[in-house]
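Okay, structure first, notes after.
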Amino acid sequence: MNIRTNTPATAEMQATDAAHHMHPFTHGNALNAQGTRIITRARGVWLTDSDGNEMLDAMAGLWCVNIGYGRKELAQAAARQMEELPYYNTFFRTSHPPVIALAKRLAELAPGDLNHVFFAGSGSEANDTNIRLVRSYWAAKGKPMKRIIIGRKNGYHGSTMGAASLGGMRAMHRQGGLPLPDMAHIDQPYWYGEGAGMDPAEFGRQRARALEREIAWLGVDNVAAFIAEPIQGAGGVVIPPETYWPEIQRICDEHEILLIADEVITGFGRTGQWFGSQTYQIRPHIMTIAKGLTSGYVPMGASIVCDEVAGTINAMGEFYHGYTYSGHPVAAAVALENLRILEDEGIVDHAREVAAPRLAARWAELADHPLVGEARTMGMLGALELTPDKARRAPFAAEVGTVGLRCRDICFRSGLVMRNVRDSMIVSPPLVMTEAEVDEMFARAVRALDETHRVLKAEGLMVAG
Ligand code: PXG
């Protein structure tokens, strides 16, 4: 444990933070009693806090810093654009060079005929755009009844009213009267958690066919679209069985259902291809992007839309939708520079051929740890399912999340940002990680798991529920 006691400067910032800053996804009073960790600098895959502690960031911020921290080229691109044209909108028959270049670049990178980009400020906003796009599309096609969008339980699509409704997070729905009308949610392809005893391939097919059943139940004339993350991120890095996506694709093809791939996490190299849709050979009509689009250096999200949907929307008259910051020039300039770096430095290839295989190999070793029920990876995403009973892969007797949170705190204290979802631990590191850095991440994970195991035993928490 290399944590030093808080300096007076840190304590003062913590007090001010507690007094005035409301944090996202946080129990405010609990946090304020404990105090925040204040991150002051970052380089490569390393974070530094206000007391000088260094931490290896196995989460790439919040799944977004794909090219790593501290790339001056992005700062320079932002500065140049701010001096040239810091802001202009794209509403009233106006456009500007960076947004034009970025739309073209994204159309080139995105698979199939995803050739048209509607810009937003975040992934949530982009998904709100998608709700309006797909409903407007069907209305323009003379089928205004096709309004229902099917998502998945434990899916995550953002935190606005619309995006949270698409998502299947029950705790979020309970706050604020969600989901909005005309949203439905099917079961997720979470084999470890929900497929016990079943062959994974069969489980994958079964969970995909839940979509077909739901469409039949709701009536195909009422269903506009299905939205899903190629791999669920916030839900706990749920990697679907290989049978899942081909079956989903078949169902969407056979029924008149638009497919929205939410690539906010899986985009821009995370799975070893530019997009998760390529990894899983999905042919979406719309793709949601954000995060890795700018490597998180500035906020930006977008919907990349296929020829048919964009053509219909463009022809229907005015689409009454847009954000002040749709296609913000500074964000667009930063995104372009980020994409240039990803491409020129072969970072997606590096992720696929160097970093991800190393992560997969080291992660597989963790499967032997007495606390680990399953260790899985896909590209630069990984999860560890913690269990008190390896043989039965049983859950803990303690309230769900108790052990995960314990482990997360121990990770942080031992210089590793690896976070928990329920009682699983997840990683999504910068794609630029070297093999040595993957090894360092692994070594820190082992130390943290050992320490967690020791603490759980000492406190009598290694008990199955
Ligand atoms: N779709 C997906 C798949 C996401 O992961 C969003 C949409 C929303 O993007 P914005 O930019 O509006 O946040 C996300 C965001 C977590 C966590 O705890 C994950 C996200 C956001 C906040 C927390 O893992 N993902």
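As the structure lists them, so they are numbered: ligands from 1, and atoms in each ligand from 1. Index from 1, following the sequence.
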Are the aromatic rings of [X] and [Y] close, with centres under 6.0 Å apart?
X	Y	value
H285	Y137	no
H173	H185	yes
Y323	F119	no

R419 heavy atom under 4.0 Å from ligand 1 =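 R419 counts as a contact of ligand 1 under the 4.0 Å cut-off.
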key: W63 touching ligand 1 at heavy-atom level, < 4.0 angstrom   =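 Yes, that is the case, since the closest heavy atom of the residue is under 4.0 Å from the ligand.
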ask   = Mind checking whether Y87 and Y325 have parallel, tilted or perpendicular rings, split at 30° and 60°?
value =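 Answer is perpendicular, since the angle exceeds 60°.
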ask   = Less than 4.0 Å between a side-chain N and a carboxylate O, is that true for D253 and R283?
value =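 Looking at R283 and D253, the cut-off is met.
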query = Taking NZ, NE, NH1 and NH2 as the nitrogens, is one of them in R358 or E437 under 4.0 Å from a carboxylate oxygen of the other?
reply =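 Salt bridge: no.
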ask   = Polar-atom distance check: D262 versus ligand 1, any N or O pair below 3.5 Å?
value =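 Yes; at least one N/O pair falls below 3.5 Å.
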message = Using the side-chain contact (heavy atoms from CB on, under 4.5 Å) criterion, which residues pair with V65? Sequence neighbours excluded.
response =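 Scan of V65 (side-chain contact (heavy atoms from CB on, under 4.5 Å), adjacent residues dropped) gives A60, Y69, Y297.
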Should you measure from each heavy atom of [X], which atoms of ligand 1 turn up under 4.0 Å away?
X	answer
A234	16 (C), 19 (C), 24 (O)
S122	11 (O), 12 (O)
G123	8 (C), 9 (O), 10 (P), 11 (O), 12 (O)
E229	3 (C)

ask   = For atom 13 (O) of ligand 1, what's the nearest protein heavy atom and its distance?
value =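 For this ligand atom, the closest protein heavy atom is S124 OG, 4.2 Å.
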request  = Considering heavy atoms of the protein only, find what lies nearest to atom 5 (O) of ligand 1 and give residue, atom and distance to 0.1 Å.
outcome  =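 Checking every protein heavy atom, the shortest distance to atom 5 (O) of ligand 1 gives I265 CD1, 3.2 Å.
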inquiry  = Tell me every residue that passes salt bridge (Lys or Arg N to Asp or Glu O under 4.0 Å) with E247, counting only those two or more places apart in sequence or in another chain.
reply    =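 Per chain and number, E247 pairs via salt bridge (Lys or Arg N to Asp or Glu O under 4.0 Å) with R209, R250.
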task = Between L62 and ligand 1, find which residue part has any heavy-atom pair under 4.0 Å and reply side chain, backbone, both or neither.
result =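 For L62, the contact with ligand 1 is made by the side chain alone.
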message = Can you check which of M300, K291, H157 brings a heavy atom nearest to atom 15 (C) of ligand 1?
response =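 That would be K291.
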